[in-house]
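Remember, it's 1-based here, ligands and their atoms both numbered in the order they're listed.
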Amino acid sequence: MSATGIDGARSLKALNTLGVDARAAGMIELVQPEQLADTAFDPRTDLVLGEGSNVLIADDVPGTVLLNRLRGRRVVEGDGDHALIEAAGGEPWHGLVRWSLDQGLCGLENLSLIPGLAGAAPMQNIGAYGVELADHLVDLDAWDWRDRQFRRFTADECRFGYRDSHFKTGEPDRYLVTAIRLRLSRRLTPRLDYPGLAAALADASVDQPTARDVSDAVIRVRRAKLPDPATIGNAGSFFRNPVVDAGLADDLRTRFDGLPVYPAGDGRAKLSAGWMIEHCGWKGHRDGDAGISEKHALVLVNHGAASGRELVELAWRVRDSVAETFGVVLENEPRIVEFPRQHD
Ligand code: FAD
Ligand code: EPU
């Protein structure tokens, strides 16, 4: 095998954005899809990692961490108003977004600055500022660990939902995404519904934005709102915004003045988990090095040396207090990596 096999326990601290100092017995870098045929993977002991920006590693990894480092991106078809682009699973997502803008292609601008790699983007159908991956993904290639062959998934087969996909909850750990293909447009349809985005453009005196202007505004909004993992360990939103019956949402809104509620279709409504957590008094809270960001209440932070278990413990205390106050149980958004393996 041409992989870089590294024996002995290795720290994962620099390989997850929460900065948890867990260890792995072994590590392999995947640089060619062909390596997969010679690579063993047992989800009970092994772990696939991209950039580690959506995991909380609670335990040491008893087996091998497989780092997706497959690189390459290209315009597959580029005629007419639309283009199809392809990215290998190890391409950094934000770099892909900016490259697509350089090609004169629009669509991904609202998804600027989301950390992580392209192959992980379908796992939870990344989304921000009114756009999600599912709006652009045409299909993807994945390695099937069980049948040991490559398989192509259409967008429908990915079963995308809000922060969800077939790969996250349908058959977790069965597939490794090796490449994604996205349909983009040569014409910008600005999506500026998110409060704050239009304001950020206005602040920059932009009234006819280009896709790059929108991307720059998204970057400014994100930098203002979210803690930077380079400064303080975090994995973005730690909980999903709960989707509940609209009737329950109305009831909660009556009882809790100011609770943000967004329509979610089919008689459902989405509640702001960040607001609920702040209401319970957790914003800026700190237990040793495990904390809740003072910038954004939905973000669990590692001030330096928190262990994965300490972070999990704090997260569950937050979840329990929100459940007690609002009667709504928050679900973690990042994967909590535990051994023996338990599915989310
Ligand atoms: P990892 O954390 O390495 O992996 C995540 C999961 O996917 C793990 O279960 C892993 O085993 C699996 N996995 C990784 N790669 C593959 C693969 N190729 N094939 C199969 N399984 C794989 N997310 C949003 O949706 N919207 C946001 O606005 C957003 N903002 C964020 C802001 C910050 C500051 C941070 C730190 C995170 C944010 N996230 C956001 C979460 C995160 O960036 C995304 O979920 C991202 O797609 C994770 O990519 P990754 O490469 O880091 O995945
Ligand atoms: N809020 C508070 N206190 C806070 C933070 C937020 O009360 O400390 C309330 C405010 O009322 C605010 C509302 O929550 O208006 C919504 O906050 P924000 O706009 O920051 O969005 P979010 O719902 O907290 C979601 C995603 C983010 C994504 C943004 C923008 C989830 C779980 N999170 O956050 O995704 O970037 O919207 O679209 O859906 C991620 O997944 O890691 C992530 C960062």
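- Of all the heavy atoms of Asn54, the ones lying under 4.0 Å from any atom of ligand 1 are found in both the backbone and the side chain.
- At least one heavy atom of Pro115 sits less than 4.0 Å from an atom of ligand 1.
- With hydrogens left out, the protein atom closest to atom 34 (C) of ligand 1 is Asn234 OD1, 3.4 Å, a heavy atom.
- Note that atom 12 (C) of ligand 2 has no protein non-hydrogen atoms nearby, at separations under 4.0 angstrom.
- Atoms of ligand 2 lying under 4.0 Å from at least one heavy atom of Phe239, given by number and element, are 32 (C).
- Contact annotation for Thr178 and ligand 1: no heavy atom of the residue comes within less than 4.0 Å of the ligand.
- Residue contact check: Arg163 has heavy atoms under 4.0 Å from atoms 24 (C), 25 (O), 26 (N) of ligand 1.
- The only option from Met123, Arg174, Glu157, Arg159 that meets the side-chain contact (heavy atoms from CB on, under 4.5 Å) definition with His166 turns out to be Arg159.
- Which of Glu132, Lys295, Met276, Arg163 comes nearest to atom 28 (C) of ligand 2 through a heavy atom is settled by distance: it is Arg163.
- For atom 4 (C) of ligand 2, the closest heavy atom belonging to the protein is Glu278 OE1, 3.5 Å.
- For ligand 2, the polar-atom distance check finds no N/O of Leu298 at less than 3.5 Å from any of the ligand's N/O atoms.
- Contact analysis leaves Glu132 out of contact with ligand 1, as no non-hydrogen atom separation drops below 4.0 angstrom.
- Atom numbering of ligand 2 starts at 1 in the shown order; those under 4.0 Å from a heavy atom of Asn241 are 23 (O), 31 (C), 32 (C), 39 (O).
- Residue contacts with ligand 1 include Tyr175, since one or more of its heavy atoms lies under 4.0 Å from the ligand.
- Below 30°, between 30° and 60°, or above 60°: for Tyr129 and Tyr194 the angle between ring planes is above 60°, a perpendicular geometry.
- The protein non-hydrogen atom at the shortest distance from atom 23 (N) of ligand 1 is Gln124 NE2, 3.1 Å.
- Among protein heavy atoms, the minimum distance from atom 9 (C) of ligand 2 is reached at Ser272 OG, 3.5 Å.
- A side-chain donor from one of Thr169 and Asp164 sits under 3.5 Å from a side-chain acceptor of the other.
- Ligand 2 lies within reach of Tyr262, whose nearest heavy atom is under 4.0 Å from it.
- In Pro260, the part holding a heavy atom less than 4.0 Å from any atom of ligand 2 is the side chain.
- Atoms of ligand 2 found under 4.0 Å from any heavy atom of Tyr162, numbered from 1 in the order shown, are 31 (C), 32 (C), 39 (O).
- For ligand 2 and His296, the ligand atoms under 4.0 Å from any heavy atom of the residue are 5 (C), 6 (C), 8 (O), 17 (O), 18 (P), 20 (O), 24 (O).
- Residue-ligand proximity, Arg222 to ligand 2, at heavy-atom distances under 4.0 Å covers atoms 36 (O).
- Closest heavy-atom approach to atom 42 (C) of ligand 1 within the set Ser53, Gly127, Pro92: this belongs to Ser53.
- Protein heavy atoms are found inside the 4.0 Å sphere centred on atom 30 (C) of ligand 2.
- Distance from atom 29 (C) of ligand 1 to its nearest protein heavy atom, with residue and atom name: Arg222 NH2, 3.6 Å.
- The option from Leu47, Leu133, Val48, Asp173 that lies nearest to atom 10 (C) of ligand 1, judged by heavy atoms, is Val48.
- Between Phe326 and His279, the gap from one ring centroid to the other is short of 6.0 Å.
- Heavy atoms of other residues, nucleotides or ligands lying less than 6.0 angstrom from CZ of Arg151 number more than 12.
- When the options Ser237, Gly130, Gly236 are ranked by their closest heavy atom to atom 40 (C) of ligand 2, first place goes to Ser237.
- When heavy-atom distances to ligand 2 are checked against a 4.0 Å cut-off, His279 has no atom that comes that close, whether in backbone or side chain.
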